[in-house]
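Beneath this line is the structure, given in structure tokens, with notes to follow.
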Amino acid sequence: AAEGSSRQALGREAFVARTAQFVETTGGEILNQLKSIGASADWTRTANTHTEQMSAAVTEAFVRQFEDGLVYRGHRVIHWCPRCMTSLSDEEAEFNDTQGALYHIRYRLADDPSRSITVATTRPETLLGDVAVAVNPTDERYADLLGKLLVLPINGVRIQVIADDYTDAEFGTGAVKITPAHDPNDFEVGMRHNLATPVIMDAEARMNGAGDAIDRVPPELRGVDRFEARERIVNMLRDTGALVKVEPHAHAVRHCYRCDTVVEPRLSDQWFVKMAPLAKPALEAVRTGRIRIMPERWEAVYINWLEGIRDWNISRQLWWGHRVPVYYCDACGAAPKASRTTLTTCDCGAPLRQDEDVLDTWFSSWLWPISTLGWPNESSADLKAFYPGDVLVTAPEILFFWVSRMIMSGFHFMGDAPYHTVYLHGTVRDMQHRKMSKSLGNGIDPLDVVKLYGADSLRWTMIAGMGLGVDVLLDPTDLEKSFAPGRNFLTKLWNIGRFLLTKVGSDPVQPLSAIAPSALTIADRWILDRLDAAIADANAALGPVRPGASGRWTDAERTQGMRLDAYADAGRRFVWNELADWYLESVKPRLSAGGDDADVARAVLVHAFDNALRLLQPVIPFITETLWAKLPALGDASHRGAEFLCTSAWPEARPSSANGDAFELVRNATLAIRQVRNEYKLKPGKFIEVTLVPSPADAAAAPSLVETIGALTRASVSLLPAGDAQAAHQVLPGGSEIVIALTQLRDELSADDAAKEAARLRAEIDATQKILDGVRAKLANESFTSRAKPEVVEGARAQARDLAQKVDALTRKVEAL
RNA sequence: GGACGCGUAGCUCAGCUGGUUAGAGCGCUGCUUUCACACAGCAGAGGUCCGGGGUUCGAGUCCCUGCGCGUCCACCA
């Protein structure tokens, strides 16, 4: 249309050629986008449904089902788009809630104009095609009118009053006008009562009778568009007094999913697929766990749809698509023939004519999992190797169009499901939760994002923000807001890499396995523990990848995993909050000191970073691969085990984890000292003396940790067995205490500040005491101590101890002030 | 009309089978350009977990109900 042309102007052949050209160009763009964002596929195996091989598969499927009686020709009322000039399947005709009107129209009796029946309709223009008025058989109001003739207003056609269960006595007037050619339900009623099917609209939905029915359309209305006709007919009814009333009426109206035109029900001949036999195994597959759909709630939607499934209209009055492989002989009237090869001549010698229609695009798509692997050639090596596949990742809106039909075709043609998991992801929307679209101008071109923030930032933002079945909200007017956090994380990762490069360089580093466990410090053991935890968290988030040996998901398994957000978060937490914030900072003095311990630290550092890169590679393949390549010191060749990070092994937790819990003392002490420094507004450069009073539990580890604590806090940390009343006092979660002589802090404080500080501390004591009272009350409750899990009770006890110590310490501190 | 989902910090969201003082990112406040990183670091502020009932020793988490959003399905003309 943009080129000032149309398919009719081009003609069938030229139109198909022009469309093929468009597909080629657009398809290439999509492939480029996918490659730009790092989609990792075998690009030598791209496929499209219009290649010869794929087309042969489509024809084969059609012919086979035609021969089995699953594909049949049906004469009925289908959804018709008057703009696209084609029929639509049920799924392609989408409901939109529309504010319309219910028109009450009086039809008078032919033999007694004083009597009448009033019908209610939302589409008064169709009355020209009415053949009956139906009432409910039990409706006594109309009992004496059954069989009588009514006169249609406007065209004066005589129609009968019939009884049919379809009519609901409660709705409207209890009398329904029956227009078999223009309403699917009326068509059913018409069939039951053997009624005529006059067609009063043409393919473009203009008032026009087909054949004899032309007489039903008054000359002044012929060729008038349906909506214009509605208005004019309503006026005519009003003028003649036939219009009883008009009331507002909200109802759902079907619209064409391509162009949003109001769908016109149309009587025509179409090809259908009988769905009930196909639906059966597809239903069983989900019910028995052969296939799981995630999020789980979509399983109910899927089952509901399949249980009520209706036959699939697969013919389209379009040109672009696979042509229906059916041939007709106009001469001898032989039955239509479906054929795998092009037929030209009938047995009777006359030329054969191929069906003009093409197949629904989904009729080729539903074969995708098998046709791309060589079906119908069942000895195809690809089919044997790759069918069935594992996971289908797609959007929920094509669950019916595509997903369920692929499952049906998989069972029908291959005897098995095409995949064991259907993952339905969220949709990218703008901040007003609107879908991104060209017409709204609220879209984001992924290539723009790649240019500004990098492909990994885009991937990170999508994956880390992708809760199971949750939409991702992005702001098209503020890319920074959406993509900076991802970009910042990547920068962080990059800078860790730079740090390693300066501290490790290209020197060979021993693999962790070569380090004696006894040489590992508490910090080393801690970060290795955290790494194990991150790997475990990531594995748990991703969940079981395949069903167990039975090939079916258990009820427990089918809801587990596929939490990409939790997986990404596990990686981010480890890299940023554990590796960078704590381990890396604590290890700096050791690296500068050199010697054997520096080698140990390097080995641990390299091991942790290497595993972090492996863990995150699927999310951010570009930066992780680059860092891996730049850091040859990430273990020796045998340690790496692969040429590329993307082909290296998924990280595994170490068989025996050493306990690094003691490192918590470093973290807690550091946090406490920093808090004091901030509280007393010490200059960052100011060096202070700190005393650590370790609890019995921390006593053993404390001597080896004071140096690290000092380095992290610009303090000289010494150990003391007892507290000092004249000090800023902090109680750590493990029971150890931090003491800092007030003489170091006082000169920064005015008397006024001290008073304020004391008041603040009193408030903190009160708050802490309140919590403590609550915990104590809980512990005093026998129902709690006897019924709650032991670890919960133990946790509460520990909490009470910590809180009590904290209150004590705070009290001493405030007294000192 | 039927079914389902959501409503947690200013914003976007995590919170598994009910159990420590409810978390993250962004934003906000204060301090800091310390030799990986200011796309950063450190310390903070900020929440009646939509309202109302109920179950329980204990509820953001379970049940009922109201309100507000959203999705899917549907032949009431």
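Letters A, B, ... mirror the listed sequences (proteins, then strands); counts begin at 1. Since we're looking at a predicted model, the values are computed, not measured.
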Run the side-chain donor-acceptor check on residues 459-470 of chain A: report pairs under 3.5 Å with partners two or more places apart or on a different chain.
| residue | atom | partner | partner atom | Å |
| --- | --- | --- | --- | --- |
| Arg459(A) | NE | Val619(A) | O | 2.9 |
| Arg459(A) | NH1 | Ile37(A) | O | 2.5 |
| Arg459(A) | NH1 | Gly38(A) | O | 3.3 |
| Arg459(A) | NH2 | Pro618(A) | O | 2.9 |
| Thr461(A) | OG1 | Ser457(A) | O | 2.7 |

In whole angstroms, the gap separating P of C37(B) from CG of Leu501(A) amounts to 13 Å
Side chain to side chain donor-acceptor pair (under 3.5 Å) partners for Arg106(A), two or more places apart
none
Hits for side chain to side chain donor-acceptor pair (under 3.5 Å) against Arg297(A), two or more places apart or cross-chain, chain-then-number order -> none
Taking any heavy-atom pair under 4.0 Å as a contact, classify Leu473(A): base, sugar-phosphate, or nothing.
sugar-phosphate
Show me, pair by pair, the donor-acceptor contacts under 3.5 angstrom made by side chains of residues 788-797 of chain A, not counting sequence neighbours?
none

For Val470(A), answer base if it contacts any base atom (sugar-phosphate contacts may also be present), sugar-phosphate if it contacts only those atoms, and nothing otherwise; contact means non-hydrogen atoms under 4.0 Å.
sugar-phosphate
Could you tell me which residues satisfy side chain to side chain donor-acceptor pair (under 3.5 Å) with Glu91(A), sequence neighbours excluded, listed by chain and number?
Trp305(A), Arg405(A)
Taking atom C1' of G58(B) as reference, at what distance in whole Å does atom NZ of Lys778(A) sit?
7 Å
Identify which nucleotide among A43(B), G19(B), U12(B) has an atom closest to any side-chain atom of Leu671(A), counting heavy atoms from C-beta outward.
A43(B)
Under 3.5 Å for both donor-acceptor distances, Watson-Crick or wobble: does A22(B) have a partner, and if so which one?
none
Could you check whether Glu585(A) gets within reach of a base, just the sugar-phosphate, or nothing at all, counting any heavy atom under 4.0 Å?
base
Give one of base, sugar-phosphate or nothing for Arg801(A), where a contact means two heavy atoms less than 4.0 Å apart.
nothing
Reading nucleotides 71-77 of chain B 5' to 3', which nucleotides get B (base under 4.0 Å from a protein heavy atom), which S (sugar-phosphate only), which -?
SSSBBBB
If you take any heavy atom closer than 4.0 Å to RNA chain B, which residues from residues 565-584 of chain A end up in contact?
Arg572(A), Trp576(A), Ala580(A), Asp581(A), Leu584(A)
Listing time: all N or O pairs from protein to nucleotides 28-31 of chain B that are below 3.5 Å?
none

Enumerate the residues from residues 478-495 of chain A whose closest heavy atom to RNA chain B is under 4.0 Å, giving them by residue number; use none for an empty result.
Pro485(A), Arg487(A), Asn488(A), Thr491(A), Lys492(A), Asn495(A)
Atom CG of Leu306(A) and atom P of A3(B): how far apart are they, to the nearest Å?
20 Å
Could you check whether Ala796(A) gets within reach of a base, just the sugar-phosphate, or nothing at all, counting any heavy atom under 4.0 Å?
nothing
Applying side-chain contact (heavy atoms from CB on, under 4.5 Å) to Ala395(A) and not counting sequence neighbours gives Glu397(A), His425(A)
My understanding is that only residues two or more places apart in sequence, or in another chain, count here; which of them pass side chain to side chain donor-acceptor pair (under 3.5 Å) with Gln99(A)?
none
Could you tell me how far apart Asp430(A) (CG) and U12(B) (C1') are, to the nearest whole angstrom?
13 Å
Which is it for Leu627(A) and Thr624(A) under the side-chain contact (heavy atoms from CB on, under 4.5 Å) test, yes or no, and what are the steps along the way?
CA-CA 5 Å; Leu627(A) 284 167; Thr624(A) 51; 5.8 Å; no
Tabulate below the donor-acceptor pairs under 3.5 Å that side-chain atoms of residues 487-494 of chain A make, not counting sequence neighbours, or state none.
| residue | atom | partner | partner atom | Å |
| --- | --- | --- | --- | --- |
| Arg487(A) | NH2 | Glu480(A) | OE2 | 3.1 |
| Thr491(A) | OG1 | Arg487(A) | O | 2.9 |

